[in-house]
Amino acid sequence: MNNNLQIYNTLSRTKEKFEPIVPPHVGMYVCGPTVYGDAHLGHARPAITFDVVFRYLMHIGYKVRYVRNITDVGHLENDADEGEDKIVKKARLESLEPMEVVKLFTDRYHKNMDQLNVLHPSIEPTASGHIIEQIELIKSILNNGYAYEADGSVYFDVEKYNKDYQYGKLSGRKTEDLLENTRILAGQDEKKNSYDFALWKKTDPKHIMQWPSPWSDGYPGWHLECSAMGAKYLGEKFDIHGGGMDLLFPHHESEIAQSNASRGHDPVKYWMHNNMITIGGQKMGKSLNNFITLDEFFSGNQELLTRAYSPMTIRFFILQAHYRSTLDFSNEALQAAEKGMHKLFNTIEIIDKLVPTEKSTIDVRQFESRLYEAMNDDFNTPITIAYLFDLSRLINQVNDGKEKLTKEDISFVKELFAVFIFKVLGLKNESGKNSDLLIDQLMNTILVIRNDAKLNKDWATADRIREDLSKLKINIKDTKDGSEWSFE
RNA sequence: GGUACCGUGGCCGAGUGGCUAGGCGGUGGUCUGCAAAACCAUAUACGGCGGUUCGAAUCCGUUCGGUACCUCCA
């Protein structure tokens with residue numbers, strides 16, 4: 001097992017050596033989507049980031065249980081509707097049952113994740129399926145004296161908690177500052193302090209989504225589901241908790257508080273946060289309404305897009321930046337990523353055609369340790385990719401006869417590429433070599449005719465075939481070894 | 001206002017006290033009926049001002065600019 005992995009822990013703000021609590025097992029929990037709308041580019045980032053974490057941990061020999069939740073109870077929405085559940089609001093707008101909305105967008109999310117070649121998590125629990133666990137958690141927080149009831153609702157007592165623990169240690173906040181800055185919300189007068197947050201919220205009978213509890217008919221608070229489900233499936237303390245940076249406060253901060261208040265210790269060893277994707281330097285997000293959905297990227301149907309981009313282009317684009325940096329979207333950047341990725345896939349095909357020699361003139365073995373070092377350094381995928389490009393150039397030089405490789409080195413390189421590109425980075429070749437035998441033979445016939453035309457210097461016919469096929473998105477390339485075709 | 005973070009060549013993006021990041025684009029080649037693709041080779045950099053140092057884009061201070069969180073948000 002590769003034992004040099006360093007992970008940047010938000011809690012300590014430093015890179016730490018990764019040592020799982022119960023090796024070789026690793027428990028990882030990542031905040032999934034709230035399913036009330038289509039997934040956009042921002043959702044792709046944590047999904048892909050932690051997919052690579054998942055893949056790499058398994059690759060270096062860990063047994064990983066990866067839990068990614070679906071938030072289907074919704075969070076309070078603090079606009080004019082004053083405390084209305086997000087999913088309920090969407091349901092009213094579209095005259096659907098809340099669970100109909102949940103099903104629709106969960107399915108669409110899954111489809112997008114499959115397109116992005118994101119592995120399925122080991123467990124994908126829903127908040128609505130764990131109301132009992134959340135109620136139990138509230139009970140224990142109440143029993144320990146860190147919460148209080150007010151008119152059927154239950155609130156977390158941050159001031160009390162802060163005497164025994166430290167509220168704000170993850171996000172670097174102080175409760176005094178929070179006092180001055182917390183926005184005035186509905187139900188504020190029930191709370192002892194403005195920064196107290198709801199564990200259980202009483203609701204009126206009109207509210208569609210509600211559950212009975214010892215305190216009132218209502219629904220669980222904003223941050224409870226992850227605390228409850230993380231503990232249920234990964235234990236009271238587990239290794240990695242991931243999510244977007246925007247969840248750092250108050251969401252993850254409150255998870256830590258809930259865990260301490262109920263169980264007396266922190267829930268997580270390593271906190272990982274991916275940075276945001278920006279558009280024109282600004283965060284892409286629901287609230288700013290400046291997001292582009294994944295389906296829009298795949299179809300090109302959006303005014304900001306000059307054309308469509310494939311799922312793998314999106315994936316490669318995201319992996320070309322480190323997960324803790326912001327990543328700025330632009331058509332230009334996306335097209336650059338696409339070309340670069342094709343170059344890599346092209347190299348893989350070239351490896352198969354290399355002619356081995358007795359001796360190697362270049363050292364390709366050193367790339368193995370370099371690639372692992374890059375990944376071990378807090379999952380530095382941009383460096384990993386840079387090394388793959390270096391390797392690609394060397395392979396092309398071999399192909400050009402400028403350098404030489406032995407048979408053993410060639411298969412070594414081939415394996416290295418396969419491991420990192422397909423297994424670790426999770427990319428797949430989308431180029432449409434059609435496996436349909438009929439199409440293959442039809443194309444063969446066409447190319448033979450065109451080649452005859454070329455031999456007769458009948459350029460008009462040759463060009464016409466090429467142009468007409470290009471309208472069908474079939475591209476012809478003339479090479480030394482004859483003509484090749486590819487779809488799309 | 002509080003708390004973090006960032007400012008790198010035309011674009012996107014790594015990294016680091018002295019040694020080529022990488023990709024795209026540009027330029028020059030190879031190949032080619034043409035085209036496209038592919039390949040090879042290249043140039044352009046670290047916001048401003050001070051300081052530490054033999055040496056800083058990298059550390060410190062300061063200043064300007066930008067972003068995020070503090071409210072649901074990946």
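Source: prediction; values computed, not measured. We name chains A, B, ... by the order of the sequence lines, and we start the count at 1 in each one.
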How long is the line joining [atom1] of [X] and [atom2] of [N], in whole Å?
X	N	atom1	atom2	value
A:Arg173	B:U3	CZ	P	11 Å
A:Phe345	B:G23	CZ	P	17 Å
A:Leu371	B:G22	CG	P	15 Å
A:Asn69	B:C73	CG	P	11 Å
A:Asn275	B:C69	CG	C1'	11 Å
A:Ile279	B:U67	CD1	P	14 Å
A:Asp246	B:A68	CG	P	11 Å
A:Met276	B:C69	CE	P	8 Å

Requested in this report: Take A:Gly172 and A:Asn274, find for each the nucleotide of RNA chain B with the closest heavy atom, and name the residue whose nucleotide sits nearer the 5' end.
Outcome: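 This one resolves to A:Gly172.
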
[X], [atom1] atom: more than 12 neighbouring heavy atoms under 6.0 Å:
X	atom1	value
A:Lys111	NZ	yes
A:Arg464	CZ	no
A:Lys414	NZ	no

Non-neighbouring partners of [X] that pass side chain to side chain contact (heavy atoms under 4.5 Å, CB included), sequence neighbours left out:
X	result
A:Ala386	none
A:Lys17	A:Asn3, A:Gln6, A:Glu19
A:Ile383	A:Ala374, A:Asn380, A:Tyr387
A:Ala228	A:Glu133, A:Gln134, A:Leu137

* **Strand-adjacent residues in residues 108-122 of chain A, judged by heavy atoms under 4.0 Å from RNA chain B** =>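 Those residues whose heavy atoms fall under 4.0 Å from RNA chain B, taken from residues 108-122 of chain A, amount to none.
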
So if I take every side-chain heavy atom of [X] and compare against [options], which nucleotide ends up nearest?
X	options	answer
A:Gln282	B:U67, B:G23, B:A74	B:U67
A:Lys283	B:A74, B:C70, B:G33	B:A74
A:Leu288	B:G33, B:A68, B:C69	B:A68

TODO: Could I get the full list of side chain to side chain donor-acceptor pair (under 3.5 Å) partners for A:Tyr66, not counting sequence neighbours?
DONE: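 Counting only residues at least two positions away or on another chain, A:Tyr66 forms no side chain to side chain donor-acceptor pair (under 3.5 Å).
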
(Q) Tell me every residue that passes side chain to side chain donor-acceptor pair (under 3.5 Å) with A:Thr14, counting only those two or more places apart in sequence or in another chain. (A)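 For A:Thr14 the side chain to side chain donor-acceptor pair (under 3.5 Å) partners, ignoring immediate neighbours, are A:Ser12.
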
Q.
Name the residue from A:Tyr372, A:Phe389, A:Tyr56 that meets the ring pair (Phe, Tyr, Trp, His ring centres under 6.0 Å) definition with A:Phe420.
A.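 Only match with A:Phe420 under ring pair (Phe, Tyr, Trp, His ring centres under 6.0 Å): A:Tyr372.
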
Per-nt protein contacts along nucleotides 36-48 of chain B (heavy atom under 4.0 Å; B base, S backbone sugar-phosphate only, - none) come out as BSSSSS-------

Reading nucleotides 7-15 of chain B from 5' to 3' and marking B where a protein heavy atom lies under 4.0 Å of the base, S where only the sugar-phosphate is that close, and - otherwise, the string is ----SSSSS

Stems involving RNA chain B: give each as a range paired with a range, ordered by first number, where a stem means at least three consecutive Watson-Crick or G-U wobble pairs under 3.5 Å.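 Looking at RNA chain B, the stems formed by three or more consecutive pairs are B:1-7 with B:64-70, B:10-12 with B:22-24, B:26-30 with B:38-42, B:47-51 with B:59-63.
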
C1' atom, B:U58 versus B:G23: distance in rounded Å?
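About 23 Å, rounded to a whole number of Å.
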
**Message:** Between B:G10 and B:U44, how many Å separate the two P atoms, rounded to a whole number?
**Reply:**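 Each nucleotide's P atom is 12 Å from the other's.
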
Identify every side-chain donor-acceptor pair in residues 393-405 of chain A under 3.5 Å, counting partners at least two apart or on other chains, and give the distances.
residue	atom	partner	partner atom	Å
A:Asn396	ND2	A:Ser392	O	3.1
A:Glu403	OE1	A:Thr361	OG1	2.7

Q) What is the distance from atom NE2 of A:His273 to atom NE2 of A:His241, rounded to the nearest 0.5 Å? A)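 Separation between the atoms: 6.5 Å.
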
Just do the side-chain contact (heavy atoms from CB on, under 4.5 Å) check on A:Leu41 and A:Ile292 with the steps written out, would you? CA-CA 6 Å; A:Leu41 186 58; A:Ile292 305 173; 5.5 Å; no

Pair listing, salt bridge (Lys or Arg N to Asp or Glu O under 4.0 Å) test, anchored in residues 371-384 of chain A, at least two apart |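 Every pair satisfying salt bridge (Lys or Arg N to Asp or Glu O under 4.0 Å) with a residue in residues 371-384 of chain A: A:Lys15-A:Asp377, A:Arg324-A:Asp378.
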
Notebook entry, point to check: Are the ring of A:Trp459 and the base ring of B:G33 both nearer than 5.5 Å at their centres and tilted by less than 30°?
Noted result: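 A stacking contact exists, since A:Trp459 sits close and nearly parallel to the base ring of B:G33.
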
